[in-house]
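Note: hydrogens, waters and symmetry copies are ignored here, and every other heavy atom, side chains too, is used. Keep in mind that what you see is a predicted model, and the values were worked out from it rather than measured. In what follows, every chain begins at residue 1, and chains take the letters A, B, ... in the order their sequences are listed.
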Amino acid sequence: MDARQISEAMNAWYARAARDLPWRSPDIDPWGVLVSEFMLQQTQVDRVLPRWLEWMERWPRPSALAAEEAGEAVRAWGRLGYPRRALWLHRAAVEIAERHGDRVPSDIDGLLALTGIGPYTARAVAAFAFGDRHPVVDTNTRRVIARLVHGRAAAGMPSPRDLADMEALLPEDTREAAVFNAAAMELGATVCTARAPRCAECPVAQWCEWRGAGYPDNAPQKRPRQARFEGSDRQVRGRIMALLRGARDPIAVDEVIAAAGEGGVRDAAQPRRAYDSLIADGLVVEFEGAARLP
DNA sequence: CACACGTGGCT
DNA sequence: TAGCCAAGTGT
């Protein structure tokens with residue numbers, strides 16, 4: 001396996017086949033990249049695209065978002081999912097405006113200190129917004145490496161070894177490294193997909209250990225299956241958030257609790273439990289017996 | 001560190 | 001179709 005051949009083939013494929021996404025445009029500033037990375041956490045490109053365009057027009061700089069109430073960010077987040085990301089992005093905007101002079105920090109430690117930014121997003125912003133040479137590893141990249149390098153059908157649990165694996169493939173040249181990070185993610189998202197990979201279109205199929213071994217069904221142990229969504233607290237929280245997003249005025253708490261139960265609940269205490277957890281998360285605020293976005 | 005956290009598309 | 005999966009993070 002030749003890391004240089006692989007990175008060159010992957011980057012050539014990326015130059016030809018990458019989707020034309022606005023946050024990849026050369027004249028997008030680091031704020032635009034950061035917003036895209038928040039929205040893309042656990043969320044596919046197709047769903048993010050229209051929302052990102054709206055946000056960038058409305059809040060072209062961190063200070064513009066920071067000047068709003070947090071609830072406006074949550075409302076504008078719409079149905080993207082995980083609304084606390086909207087809350088955290090608003091907090092990050094405040095932190096950038098107040099502590100960094102309205103400029104997104106370029107170093108990984110500075111990025112990690114921002115609310116809602118973890119190991120993945122910090123590296124992604126440093127690499128994609130500032131062009132620095134860092135291995136960036138997301139779920140797509142982990143799957144590509146699992147198959148290409150380790151001959152496994154799927155990636156195992158995330159591990160510090162993931163970064164070392166990516167570093168071993170990463171070109172020395174800074175510019176090429178940034179492209180390769182994006183190329184590995186793009187390949188995983190569009191060709192080396194979790195189900196039904198399109199190996200006939202893969203630029204590195206000839207070096208793929210998993211393919212070479214005849215596609216063995218050797219996926220490592222996965223995380224325990226996540227709880228059923230139907231009937232979950234998450235679903236009930238989602239109902240409450242949808243109700244409050246659509247309301248300009250505060251809604252009586254009793255009314256919110258009643259509405260949360262419409263559509264079915266697992267137990268009688270569930271609406272109240274879900275409501276309390278949203279209060280605890282700061283996604284809902286209560287004042288004089290009425291609930292609204294923060 | 002295992003777990004909770006939305007929503008929608010795909011097979 | 002019920003379950004899997006998706007550019008993760010904070011606790």
When the distance from [atom1] of [X] to [atom2] of [N] is rounded to whole Å, what number comes out?
{"X": "Glu230(A)", "N": "dG3(C)", "atom1": "CD", "atom2": "P", "answer": "11 Å"}
{"X": "His90(A)", "N": "dT9(C)", "atom1": "NE2", "atom2": "P", "answer": "20 Å"}
{"X": "Arg19(A)", "N": "dA6(C)", "atom1": "CZ", "atom2": "P", "answer": "13 Å"}
{"X": "Leu21(A)", "N": "dA7(C)", "atom1": "CG", "atom2": "P", "answer": "12 Å"}
{"X": "Gln226(A)", "N": "dA6(C)", "atom1": "CD", "atom2": "P", "answer": "12 Å"}
{"X": "Trp88(A)", "N": "dG8(C)", "atom1": "CH2", "atom2": "P", "answer": "14 Å"}
{"X": "Tyr82(A)", "N": "dA7(C)", "atom1": "OH", "atom2": "C1'", "answer": "14 Å"}
{"X": "Leu87(A)", "N": "dT9(C)", "atom1": "CG", "atom2": "P", "answer": "16 Å"}

Could you pick out which residue, Met157(A) or Gly238(A), lies toward the 5' side of DNA chain B when each is mapped onto its nearest nucleotide?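 Nearer the 5' end of the strand: Met157(A).
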Between Ala227(A) and Gln235(A), who's closer to the 5' end of DNA chain B by nearest nucleotide?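 Closest to the 5' end, via its nearest nucleotide, is Ala227(A).
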Touch check for [X], heavy atoms < 4.0 angstrom, all strands: base, sugar-phosphate only, or nothing?
{"X": "Arg228(A)", "value": "sugar-phosphate"}
{"X": "Pro119(A)", "value": "sugar-phosphate"}
{"X": "Arg273(A)", "value": "nothing"}
{"X": "Arg79(A)", "value": "sugar-phosphate"}
{"X": "Thr115(A)", "value": "sugar-phosphate"}
{"X": "Thr139(A)", "value": "sugar-phosphate"}
{"X": "Thr121(A)", "value": "sugar-phosphate"}
{"X": "Leu80(A)", "value": "base"}
{"X": "Leu89(A)", "value": "nothing"}
{"X": "Arg143(A)", "value": "sugar-phosphate"}
{"X": "Trp23(A)", "value": "base"}
{"X": "Gly81(A)", "value": "base"}

Give me the distance, rounded to whole Å, that separates [N] from [M] when you measure between the [atom1] atoms they each carry.
{"N": "dG6(B)", "M": "dT11(C)", "atom1": "P", "answer": "14 Å"}
{"N": "dA4(B)", "M": "dC4(C)", "atom1": "P", "answer": "16 Å"}
{"N": "dC5(C)", "M": "dC5(B)", "atom1": "C1'", "answer": "15 Å"}
{"N": "dC3(B)", "M": "dA7(C)", "atom1": "P", "answer": "23 Å"}

So, using side-chain contact (heavy atoms from CB on, under 4.5 Å) as the criterion, who are the partners of Ala124(A) when residues are at least two apart?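 Partners of Ala124(A) by the side-chain contact (heavy atoms from CB on, under 4.5 Å) criterion, ordered by chain and then number, come out as Glu37(A), Tyr120(A), Phe128(A), Val136(A).
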Out of dG3(C), dT9(C), dA6(C), which has the shortest distance to the side chain of Arg195(A)?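 Within the option list, the nearest is dG3(C).
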Of the candidate nucleotides dA7(C), dA6(C), dG3(C), which contains the atom at the shortest distance from the side chain of Ala194(A)?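 It is dA6(C).
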Return whichever of Gly116(A) or Glu186(A) has its heavy-atom-nearest nucleotide of DNA chain C closer to the 5' end.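 The answer here is Glu186(A).
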Could you measure the distance from the CZ atom of Arg123(A) to the NE2 atom of His134(A)? Nearest 0.5 Å is fine.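 Atom-to-atom, Arg123(A):CZ and His134(A):NE2 are 7.0 Å apart.
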Throw together a table of side-chain donor-acceptor distances under 3.5 angstrom for residues 189-197 of chain A, partners on residues two or more places apart or in other chains.
unit_1: Thr190(A); atom_1: OG1; unit_2: Glu186(A); atom_2: O; d: 2.8
unit_1: Thr193(A); atom_1: OG1; unit_2: Arg195(A); atom_2: O; d: 2.9
unit_1: Thr193(A); atom_1: OG1; unit_2: Ala196(A); atom_2: O; d: 3.4

If you measure from the Lys or Arg side-chain nitrogens to the Asp or Glu carboxylate oxygens, is any gap between Asp276(A) and Arg272(A) under 4.0 Å?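 Yes.
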Salt-bridged, Arg237(A) to Asp281(A), with N to O below 4.0 Å?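 Yes, this pair counts.
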Short side-chain N/O contact to dG8(C) OP1/OP2 from Gln42(A), under 4.0 Å: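 It does, given that an N or O in the side chain of Gln42(A) lies less than 4.0 Å from OP1 or OP2 of dG8(C).
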Can you tell me which residue pairs pass the salt bridge (charged side-chain N to carboxylate O under 4.0 Å, His left out) test with a partner in residues 52-67 of chain A, sequence neighbours excluded?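 Pairs touching residues 52-67 of chain A that pass the test: Arg51(A)-Glu54(A), Arg58(A)-Glu68(A), Arg58(A)-Glu72(A).
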Does any pair with a residue in residues 198-208 of chain A pass salt bridge (charged side-chain N to carboxylate O under 4.0 Å, His left out), and if so which ones, sequence neighbours excluded?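 The answer is Arg198(A)-Glu201(A).
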If you walk 5' to 3' along DNA chain B, what is the first nucleotide with an atom under 4.0 Å of a heavy atom in chain A, and what is the last?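 Boundary nucleotides touching chain A, in 5' to 3' order, are dC3(B) to dC10(B).
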Residue list, salt bridge (Lys or Arg N to Asp or Glu O under 4.0 Å) with Arg273(A), at least two apart or on another chain: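 Asp233(A), Asp267(A).
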Please determine whether the number of non-hydrogen atoms from other residues, nucleotides or ligands lying under 6.0 Å from atom CZ of Arg19(A) exceeds 12.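 Buried by this count: over 12 neighbours within 6.0 Å.
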